[in-house]
Structure formats: C-alpha cells, structure tokens
Amino acid sequence: MPIYLDGHSTTPLAPEAMEAMAPWWHAQVGNPPSPHLSGMLASQAVENARSELASLIGSDPQELVFTSGATEANNIAIRGTALAALEGGVDRRDIVVSAIEHKSVLSSANSLRRAGFRVIEAPVNMHGVVDISELERLVGNETLLVSVMAVNNEVGSIQPLGDVVRIARSGGALVHVDAAQALGKVPFNCTDFDLVSLSSHKMYGPMGIGALFVSSAAHLRPLPVLFGGGQEAGIRPGTVPTPLVVGFGTAAKVSSAQLAADAAHSAGLSAVFLEELRSRQVQFIENIPAGQRVPGSLSLRFPGNDALSIIARAADRIAISEGSACTSGQITASHVLLAMGYTQNQAAETVRIYFSRYNGEADAADAAAALTEIVGR
Ligand code: PMP
C-alpha cells in the first residue's frame, strides 16, 4: 500500500478503538434505550464514550449530542439555530462565517438565505487566518451566529478563536466552532463556545460518527433538523450506533492520554520531510508558516507543477491530496486557497499532507524521495 499522508481527509482507526468496538458488532447486541440487560449494557457503553469525549474537550457529558459526523453537526448548529431564532422570536438575521469554512458550514448557512437570513463571509489573510479587524467590523447587533472553524481542513491553519469569541460576545451573538480538524491534533477546550462540531474519523476513530456540543449556557439552543424517536435529547433522533460511539469514545480516551506526544511526533515527521526535500534541492513554498498550522500538517506549493498530476504520478507510492475540489468532473480551484489570495494557477500547484500518529520516519524520507522524482530539483 502507498504511504498514507492524507490525515486531513481521514485518519487510520486506532487499534485500541478497533478492539473496543469489536464485541459491539455481534456478541454484545443491544439498542441503547431497550428495556433489557442488552439495552442497558449498550446504554452504559454509550454513556462511557460520551464521558470520554466530554473529558477530551472539557464539556459536561450531557452537553454532547452524537451525530453521523461533523457535516450533520454543522447542519444542526447552523440550520437548527436559525430555526430556533425564527420560532423563538429572535429577530437577528446575520450569520457571519469565515470564507474558508468547510462546505457543510457554508452550504448550511447559504441554504438559509431563502428564509431571510444574510450570510456574511469574513475574509482571511494569506496564511489562512481569519481577519480579526474585518470580523470586528462585520459582527454587530444583527448577528445571530458567528461560525469560525478551529483548524482549516485544506491548509491546517489555526484560527484565533479567543478573538472570535470576544467579538461575537460583544455583538451578543452565539459562537459555533467546527473543530473537526482540531481534535486529536491540537488541545481543544469547548468552554467558551455555544456550539462545537466534532468528527471521529479525523481523530483516529471510526467513520460515520461525530458529535455536536451544545453548551448548557447557550441563550438559544438549536432545534432539530430531523424528526424521529427523540434520541439524543431530541436534537438528533435515530438509533445511536453503539459500536461507532464506543470507537469514538475510545479514540477520545487515547487522544486525551497522548495528544502532546502525537503532536510532537507529527511535527517531527513533517520537519524531517521538509528537510529531506530541501537537501534534495526541491523547489517548494510552504503556504502556512510553522507555528500557524497544526503539527504534522503541510500545505505546499510546487511552482510549475500541477498538484493533480503530482498526486496521480505519486499515487502508487504516497497518498496525498490537493487543494482543489473536483465537482461533477469539473476541477475548480479550492475556495480556501482563492480566499487566501492565491491565483487559480497557484492554487492548482498546492498539495496537502498530514503526518499522523501511525507514520514513521521512513515514511517521511520515502515520501520526500518519491516527490523529488516527480517534481524534479
Ligand atoms: N468540517 C471540517 C473542517 C472537515 O474537515 C470535515 C471533513 N472533511 C467536515 C467538517 C465533515 O466531517 P464528516 O466527514 O465527519 O461529516
């Protein structure tokens, strides 16, 4: 198999999570609310996992709602909050987002235009960091919600959430943070926010499970966007998938224990990789300076080389990805890189790489050798 370096897309499942999930697929059958021992055991396992996740982000377990992933959490956070405003007589109609949010945030917000909401995009600087003075100008007493991600998924840039909270609070707005790319990569505490979206498969847990943190202190709680059996406090109905939740909880427990070690490991590997590229005289530009990106994450531009062609030619040796999104066969430049001020051509020269907990030094050296052969010196 090629060396996997695409951890912003998804991370390998932690063996601890795989082991913890195993019995819940067959031997330990049970739907959490069922009124028999099997149901009770499943329910206990779900609540243990909720506590593990809560302790990773500093929340109360009861403030966490399991969802199918961060996409769904973002939809509930944004559309559910707008619905709560409409039904609760709150007349604020501005939703302020950063220009580099994930599509599940941008599209959720834009879907509300029809219902009379105004979506305002705050610009970012050339290093993929939201412009705080612009945000200050855009947030006011019409703002219902400010949504800024903790870490960008395409370039790994870390956002100044302390300033975002200060600005949102001064305008009386709620704060939503998409923390899908922060968990398991950098320390993250939810205390200052109203809503936080989480994804398991970006932090060595299984795919298909995530969570929304809804602060007990929030002055407006999102309404559900799905209706059903009332699970997860009615905010996200549907059978809670015990095996996935157990895997997510275990991944959270492992992350709590080794976050600092993981970060040092990932940062070390990306440094080895860059050093190898430099020693081989490969021409490249780091889009995000060290210190402003999550450890292990690299957004690199190889001038004169098309990222998609690099990725295709490297495909049998390394799995890396590009800063462009391919929609219905049309290659369009990444909205993130364009928002950072890159031209279409510069955006098309950018690849993203992430060194995970499970990569080793040989991976960093071999990946650098493979890229050198492809892009030349
Ligand atoms: N937000 C961000 C920042 C992401 O990187 C992703 C996944 N690419 C999502 C949301 C969606 O997460 P999920 O796959 O759990 O739906």
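When a ligand or atom number is given, it counts from 1 through the structure's own listing order. The figures that follow rest on heavy atoms only: side chains count, while hydrogens, waters and symmetry mates do not. Bear in mind the structure is a predicted one, so any value in this text is a computation, not a measurement.
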### Query
Do we see a donor-acceptor contact under 3.5 Å between the side chains of H127 and N287?
no
### Message
Is a donor from one side chain sitting under 3.5 angstrom from an acceptor on the other, for S108 and N110?
### Response
no
#### Entry: Step-by-step side-chain contact (heavy atoms from CB on, under 4.5 Å) determination, S334 to E154
CA-CA 8 Å; S334 144; E154 286 186 27; 2.5 Å; yes
### Query
T71 heavy atoms, cut-off 4.0 Å: which ligand 1 atoms fall inside?
11 (C), 12 (O), 13 (P), 16 (O)
### Message
As an exercise, identify every atom of ligand 1 less than 4.0 angstrom from a heavy atom of H201.
### Response
13 (P), 14 (O), 15 (O)
### Query
Side chains of T242 and M21: closer than 4.5 Å at any heavy-atom pair?
no
### Query
What atoms of ligand 1 come within less than 4.0 Å of a heavy atom belonging to M149?
3 (C)
### Query
Evaluating non-hydrogen atoms only, which member of S9, A182, A70 is closest to atom 13 (P) of ligand 1?
A70
### Query
Considering only heavy atoms, which of T10, D178, T67 lies nearest to atom 3 (C) of ligand 1?
D178
### Query
Is S199 close to ligand 1, meaning an N/O of one under 3.5 Å from an N/O of the other?
yes
### Message
Looking at D6 and R352, is any side-chain nitrogen of the basic one under 4.0 Å from a carboxylate oxygen of the acidic one?
### Response
yes
### Query
Any idea which protein heavy atom is nearest atom 4 (C) of ligand 1, and the distance to it?
H102 CD2, 3.5 Å
### Task
Say whether D94 and T143, considering side chains only, have a donor N or O and an acceptor N or O under 3.5 Å apart.
no
### Task
Report yes if some N/O of Q181 lies less than 3.5 Å from some N/O of ligand 1; otherwise report no.
yes
### Message
For K202, state whether at least one heavy atom is located under 4.0 Å from any atom of ligand 1.
### Response
yes
### Message
In terms of relative ring orientation, are Y354 and H8 parallel, tilted or perpendicular, with 30° and 60° separating the classes?
### Response
tilted
